[in-house]
Structure formats: structure tokens, C-alpha cells
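Note on naming: letters A, B, ... go to the chains in the order of the sequence lines (proteins, then strands), and numbering restarts at 1 for each one.
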Amino acid sequence: MSVWTWVLNYRTQAILEQDKAKWNLFQLAALDALDEKKTNPEQAIAMLEQARSMAEEMNESWWVLFCDHWIIQTRLHSQRDYRTAQKLAIQAAVETRKPEYANFPQRICLHEDLLATYIHTDPQGYTPMIHKAFDYMKQEITPSVECYLCFHGLQISFALRQENWLLAQQHANRLLAICETNPSAGPYHACSAYADLCEINYRLGHLDQIPPLTTIGIEQARKLDRDELLLLFNLWQAVADRHAGNETSATNHYTQAQHQQERLTGMLPSGSYYFAAQAYHELGQEWAAALTLRQQQYAEIKGKGQTIVEYKCARAQYHLLQKLGQPTTDILTEIQTIANRFKDPTPYLAFLNEN
Amino acid sequence: MSDQERFTLNLPGLLEVLAGSLYSTPKVGLRELIQNAHDSCIRRQVEGAEADYQPRIHITSNAHKRTVTITDNGHGLSSADIRTYLATIGRSYTRQLKENLGFLNPEQSVELIGEFGMGFLSAFLMADTVTLHTKSIEPDSDGLQWQSQGGEFYAVTPRDKTTAGTTVTLTLKPTISFVFDEDILIETIQQYADFLKVPIYVNHRPSPVNLMEPPWEAADPLEASKKYIIRAFGEHNPLCIIPLHDQLVDVGHDQIRIPLQGFLYVPPASVASVREYGDLKLFIRRMFILDQEKRLLPPWARFVQGVLDCPYLQPTASREGVHEDSTFTTVQKALEIQLGQALQAIATDDPETWRRIVDGHTDVITGWAVRDDTFFDKVADIVTFKTSRGYLTLPQYLKISPQTFYFLTRHLGALQEQLLAEGHDAPVIDAHWFAVKPFLQKYALWKQNINLVQMDGEVEQLLQPVPADPYQTLLDFYEQQGIYADITTFRPPDVPALMTYPEDVEFQIESKQALQDDDMPEFLADFVSDYLDQQETAPQQSIQGTLHLNANCPLIQQLAQDNGPTTQRNAVLMLIYQIARLFSGRAMTAATATDAFRQTVQAMTTLYHPGGNQ
């Protein structure tokens, strides 16, 4: 049974039993709160917390964890607040060990939430633990559940954070193959994989392979109504166009991406957004614009637990400041502070010694 | 001299831009065609001058043929109209007619909707092929068929048609199949064309599916608004309805009149007390623009919804939004004035309704009052808060505790914190909802000389440290027992001691136990151990908790001075600890509670001698 089958069954039960409390819980947690996720995350979280309290009072333990999962998701993907999310993710994951959750379809999602927080925090420091978690999950997840797709998505993220582009590419291609067999959730995950493949191809210097990916990605993202992905494809198309010397089309796609980002009023831009936008400006040697973007990203994520992303963002700023011939002392101090937060700061501090 | 070159238009490219960037949904194609049909009917009314003319639009769908047709009995198009307006992007006959009518017949001018001459193109968002069959009312006009697949070329051929008007047939793309569901088709028509004056019929339905008349133009606007609220918002019991009317707004040295039509209403309390509204269904000259326009109402009005028709607002090219220009700002001002006045009037003249509004939306009102000073002034004294003595307004609270707000940021569950506040003869305010604490802070600043004491987390504020020396023997005893204790003073003096714990102590205890019992997957155990290792290790943060002895309590003073036999004193000290532990209600499992009772009984047994004195 998928999560949404369970949710819809609960809804049907509420209607058949004329149970107002059940209906209210369903409506608040599964409809109203999730509607607000991208545009008003603070409101979404307040509603989910209220739904959580209702679920606790009603002894609906599955719903408590359902709310936890979406609070974590909102913190991760809209507010980019990994610190708060990690605390809740570990508490929720501990809760899932209880027998009453053995058949809870979102149990694995909560494990995935936990892993996601560590992958974005200190992937190197937690590598053995993350691998162990992947091994466990391989046993737990069957190809028929949506978690199977998320699981492969996590592996792409992990490889990307570890800068293992070829492995990330392998995982992305595998995910695309699996998506073919899952008509309901497949299109979304495939779309995500196409976006990752754009970044991977850029990292590998295969810019000519980006346009076919953006073409299919734009079409899919539109169908799915996923502006957060659509804007990434537009950004990557802008990068590819600029690389090919097609400046008019590049500007057009870049502007579209900015407008699309603007429409996601409550959603802070992702790390992928900033990476692609920086790539776009760097191809045009627009160092100041690239720096402004990275400074904006830094202000948005600083102190929110995404240590590895923070570190990479600070390093990007350092390189851009150098290009502009501006002082780098302050950013080097920041880099040192961030590096010391890793389990093993040595490789991260090495950068400072080199500079 | 430079050559003058002509732009060339790549129509398929333009359609891609329209689909990708201009419009948010292909459904707008239907909207545009309905509005074209409507304008064509109005054009016939204006130009045809036929006394018995009855405008009408008929929409049919045929899933088998994958077609949708929109038929009107309007003016129809001549061959010249087709060339000049239909096939010329950016040129709109309606705009021209509107300009012509502006002076001569302003009432009919405002009924016209089309503006940009781009709407017809949006048909290709839905259709692979668009066929238009038309006949103009102009004398000697013949029937014509226009057809295009959205490429650069179109075909116009003669085709017989007996009556004037136009039929547009869309051969739909595979992704637009939802339109074949009649309910969705009707829903879409009602969304876009509910207030258009021309009746719209769907398939074989005998009556029009659109309302045709906005509620504010009905004979009984209030009743019509109530019905519309049910139809459009699904709300059956609005707490109040505020009709909108024209509003004078100060602009520079002058005042201008902003025409506002529609109404605002306050929905009943939602399932979620934090549910925010604050949005308008927006129309311009009866044309639907968008649902949930959130920028026009003042930000604090998140407990209000409504419908607004304001001809001064400027639609964007997609007509799915409005430009945020100076007129927009003036309309915002007009709405703020009118809503503010209406709420003020309700608060003064109808306190019962005002009370229901505030009670129904306390959380939202509290949240927005924190951000908006004007709104704060309006509601500061009338919002009620949940306290350990029931719901109280802040003036009522201050009558009990004139100088201090005591509050808890967790649910009002912990009796210990409530007791501490009662030690000051005051109730505790439930501030677990994030806006309550800032509201109290703002109120304290506003009234001045009000202190705030958070009973959880900052409970130490109520515990005044005192020199440990006179109580050292007591502290030494606890240290020997492995209990972390300190000496403080707090009220009420009848309470000898209380326990405090780190915020997530229950989770830490449960996790440690699960780790010990090997009761979680190995990978998870690794993460949990790592997490627990990173938690604070200071004694005050220990999961054992901290025992705070109350130096104000006569028993504690007596025990500190007692030089008698230590057995009985130690038993009393152990009792004090266990009572505080049990009373805190924190960090307890069945096993630890049993242990606490066992030690309590043991201490009592030491003190109790059956049948004798001591």
C-alpha cells in the first residue's frame, strides 16, 4: 500500500463513518497544509504542527509521523533549514522502529529524510554510516513502492555531494530506467534525474549533452506543474546556449528561470539553482553577478545546518572574489569556521593551507 | 541611410512562448474563446441594433471526435475581419470598439473584455487544429471557414452558414482530455465566465451554467452574496459580510474615487486555527482574472476573503494577474480604509459578531497583529489567550497579575510550571503557538512596566540563586546519591523543591534505552549514538535533571540547620527528591516511576514507626 492509498482510504473511512474529527485531520494534514508548502512554508508548518497535535489527541500515530515527514520536507526543500529538520528527522526515525509502524507506508520515507539531512551536512564524515543505511534500505524497499525511486534519488545526491560525477551519472541513468516502469511517480523522479544529469554533464564538461536533457525536462516539468524543476532546466538551457554562443536564447531562458523562481514565493532557491546560475554568469565572465548570487545563497543558508553546501558556497565566493581582485580574508575566516564543523575537518582545512 | 526591415514572426515559436511563459494553464484557451464569443455578442448588440436580439453561447464537447465547439450568435466575422483582426496578432477589434464606444456608450464599452488581440492564439494551447466557421451580420456576407494547425499558414474557404455568428471547433491535444469531463468543463466555464452577461449553455443542459449577474447587482445583494460564498468558496456560515462600495482615497493634494464592487467576508473558524485567508477572487469588468489574489488586502487581514471587481486595475497580457502599478497601490489603500472602517463599526456596534471573529481566528489575528502596528492597536485588548484559568484577555490577565505575564511555550500540560506561576498568584498563558510570545512582548512594550517570565526553558528566572554554604550538607547528600542539586528561592514557599530537565529529555531517554535493548536497525543506531554524543554534557543538561531546593521553604531551612540523626533527615531529603521528580511529570518511564515510588515508600518506612513515636 502506498502512502496516498492509505491517506485516501482514511478519507473514505471518515466519510463512511461520518467522522468529523477524522475528516478534519485528513483535510488539514493532507490537503490544506501541503497546499501551502511552496508558497507559505511557515504557514504549512504551523498547520502541520496543529494537525500533529490533533493526531496525538486522536491516537492516530501514523498521522503523527505523516505530519513529521512533511514538516521535515518543508524545512528541507522550502526553508532549507537542515539543522531543525535533522533533529526532527532523528526523532521520527527512532519512533518508526516501534511495531505499530511496521506496515506504515511512510516508514522508509522517514529513514530517507534522515539520510538526506546527513548527506547535505557532512557526506564525507558520515560516509560509512550512509553506506550502511543504503545497504539496510536495499533490503527493505521493493521496486514497487515510490520510496524505491526516492532511494535512487538519494544515491544521486550522495554521489553529487561527494563529487563523484560518474557514479552520480550511473545512478541517474538507473533511476531513469526504473521510472519507466512506474507510471504514477516515475515522471516526477525522471524529471529530477534529468535536472541532475544537466549538472553532471556540466561538471564533466559535456555541455553539448545538456540541450536534449533540457528539452525533455522542460516538457516534463510543465506537464507535472513543477516550477522548481522547470526553472532549473531553463537555467541549464541558458548555460548551454551561452556556451554555444546563442546569447539571445540564453538570455531568454535565464530570464524565464528568474521569473519562475520569483513565483515560488515561499521556497528558497536550491543549491542546484545557485550552481547553474553561477555557471551561466561565469560563462559570460560576469564575476560580480555570480558573486552577488553566491552571497545571497550564503545569507539564506548560513547556520542552517547544510555544512557541505555552506562550505562550497563560501569557496565559490572565495574564487569569485579572487577573480574580481577583492580582499579574501573574511571569506577565508568563514571557510575555516565552517571546516571545523565537519567530523574530520582536515581535507577541508587543506584548502586554506593551499591558499 | 539605414534600410527599414520588417520583423518576421515565427508563429510556432510564439505559441511556445505563450504556452511556456505567458499562460499558467492551457485552460485559458477556453476562457479566451468564451470571451471572444461574448464580445462578438456585445458587438452585435451595439452594431446590429436589433430590438429582439437574444445573445447566446453554446459549448459542446465530443470525446469520440476529441472536439470542443464554442458557438455564439454574435456579430460573426467578415473576410476583412478575419484578415485584419483574427490573423493579425496584437490587433484587437474589441479594443478598437471599446475605444470607439468609450465616449458614445460607456456602459456598453465596459462590457467588452478583449484587449490585446492575442487571446485567439491561446486556442492552440489546447488544440492541434482550430476551425472557425463564421458568418457576419453585415449585409451580403457569406459563410467562411478558417482553419489553422498553429503553423505559419492558415486557410480560408467559403462554407455555407445559414445564421450569423461563429462556431470555433477545437480538435484537442491528447493532454487536454480533462475537458471532456462535463463537470470539469462546467467548472472551468464558471470559473472564467460566471458573471458574463451572455448565457452560456453546455451540451444538452437546458439552463445556462453561468450566473450572468454578480451578487452585488442582485435585488438582494446580501442574500446573493451568501449564496455566492457557498457556490464559490464552499463556506456556509460566514461570520460577517462587508459589501464594498466606491471609496475616496487621498492621492497627493487631491482625492480620487476608486470604484469597488464586490464584498469581503470573514469565514468561520477553520479546522486549523492557524489557517490564513487574506485573498480575493478578482474580476475586472466582470471578467475573471484570478483566484487568491493576496496582495490587495492589507497583510493583517488574513482572516478575510472576498470578491472584488475593480475596473481600474490593469490586467497583464495573460490576464491571469494585474499590474502592480500606482493604481494597484491606490486600490490597496481603498480596500484597507473600507475594511478598517467596517471592522471598527462591527467592533463598536456589534460586539457579539466581533467577538466571534476574534475567537474564530485568534491565532491568525495574533500573528498578524505582531507584524502590523495599526492592526495591533485595534485588537490588542480584545484578543483572548488560553491560560491555566481559562480564556482571558490581557487586560483581564493584568487585573490578576498587574506587572507580569507568565507564559509557557509548550502546551499547558506541566502542572509544575503552572504551580510556579500560581506561586505568584497568577495564571500561566499558553504560548505554544509561535505568535503568542511576540504578541505578549509587544503588549508589554506598549503598556510599559510589564515583565515577561517564560516558565519553560527560562524557568530559572523564577529561581533566585542563594549562597550555597548554609545548605551545603543537603547538597552534599544529594551529590552522594548521584543527584545534581542546587539551592534557590522561589514561590510558593510551600514547595520544597522542583526538578528541571533538558527540552528533549524524553527522546534522549527513549533512544538510550532502545540502544541498550538493541531495539533499532543498526544503521539507525549509529546515527542516534552520534546524535546523543553531540548533546550537551553539562550537569544541568543531564537527562537525570536538576533538583532545585527552595530556600524559602521552612522545611528546607529546618533540614539545613538540623544537626540531629542523619537517617531521618536523609529519608526526608530523599522524599523531597522523589516527590519533585514525580511531580515534574517529565522523564518518566514505567520503570523509573516504579523506582521513584519504591524509594518514596522506603523513605516513608524509615520515618514511620507503627504504634509509637518515631
Side-chain angles (χ1 to χ4, degrees), chain A residues 20-21 23-25 27-29 32-33 36 39-40 42-43 45-51 53-54 86-87 89-91 93-98 111 114-115 117-118 125-126 128-137 139-140 218-219 222-223 225 227 230 234 252 255-256 259-260 263 265 343, chain B residues 13 16-17 19-26 125 174-175 270-279 292 294-295 302 321 363-364 367 410-411 413 432-435 503-504 506-515 517-535:
Chain A
K20 184 82 179 150
W23 175 262
N24 286 345
L25 178 59
Q27 187 187 337
L28 180 56
D32 294 349
E36 303 278 351
T39 48
N40 193 351
E42 202 175 289
Q43 165 81 351
I45 289 172
M47 292 169 100
L48 285 164
E49 282 176 346
Q50 199 159 29
S53 298
M54 282 165 67
Q86 191 170 69
K87 194 171 178 179
I90 201 151
Q91 290 180 357
V94 168
E95 184 69 11
T96 58
R97 79 188 194 288
K98 295 179 180 168
H111 291 164
L114 179 67
L115 276 192
T117 68
Y118 281 94
Y126 286 92
M129 284 156 73
I130 291 169
H131 277 308
K132 201 190 267 186
F134 281 156
D135 289 343
Y136 170 83
M137 289 161 97
Q139 311 279 324
E140 281 277 295
I218 287 173
E219 192 185 326
R222 272 198 197 127
K223 266 190 203 158
D225 198 18
D227 270 358
L230 184 57
N234 272 315
N252 182 16
T255 311
Q256 280 191 46
H259 284 308
Q260 280 146 1
R263 271 186 235 156
T265 47
K343 253 183 181 317
Chain B
E16 197 186 318
V17 172
S21 303
L22 187 63
Y23 296 120
S24 68
T25 159
L125 299 180
T175 50
S270 160
V271 175
S273 65
V274 293
R275 170 72 185 270
E276 290 189 347
Y277 300 90
D279 54 276
Q292 301 195 337
K294 287 201 172 210
R295 299 164 302 167
R302 294 299 161 107
D363 287 341
V364 172
R410 289 198 308 270
H411 278 287
H432 83 275
W433 162 237
F434 68 80
E503 193 194 342
D504 64 347
E506 284 83 6
F507 168 70
Q508 289 193 45
I509 291 170
E510 186 185 345
S511 305
K512 282 187 176 171
Q513 190 60 48
L515 285 172
D517 298 347
D518 208 9
D519 179 26
M520 60 176 91
E522 202 183 329
F523 88 89
L524 185 55
D526 291 348
F527 283 113
V528 173
S529 304
D530 182 83
Y531 175 82
L532 292 175
D533 288 347
Q534 287 178 39
Q535 300 310 298

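Using a 4.5 Å cut-off between heavy atoms, A:Leu115 contacts chain B through its side chain alone, with no backbone atom that close. When heavy atoms are compared at a cutoff of 4.5 Å, A:Gln86 does not approach chain B at all. Using a 4.5 Å cut-off between heavy atoms, A:Asp135 makes no contact with chain B at all.
The candidate with the highest count of non-hydrogen atom pairs below 4.5 Å against chain A, out of B:Asp504, B:Asp530, B:Val528, is B:Asp530. Comparing B:Ser511, B:Ala525, B:Pro521 by heavy-atom pairs within less than 4.5 Å of chain A, the highest count is held by B:Pro521.
Nearest approach of A:Ala93 to B:Leu524, heavy atoms of both residues: O-CD2, 3.3 Å. Between A:Arg97 and B:Asp519, the shortest heavy-atom distance links the atoms CD-O, 2.8 Å.
Rounding to the nearest 0.5 Å places CD of B:Glu510 at 4.0 Å from NZ of A:Lys98. If you take CD on A:Glu95 and CE on B:Met520, they are separated by 11.0 Å, rounding to the nearest 0.5 Å.
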Test side-chain contact (heavy atoms from CB on, under 4.5 Å) on B:Phe507 and A:Ile90 and set out the steps.
CA-CA 10 Å; B:Phe507 168 70; A:Ile90 201 151; 4.0 Å; yes
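Taking the six-membered ring where the residue is Trp, A:Tyr126 and B:Phe527 present parallel rings, their angle staying beneath 30° rather than reaching 60°.
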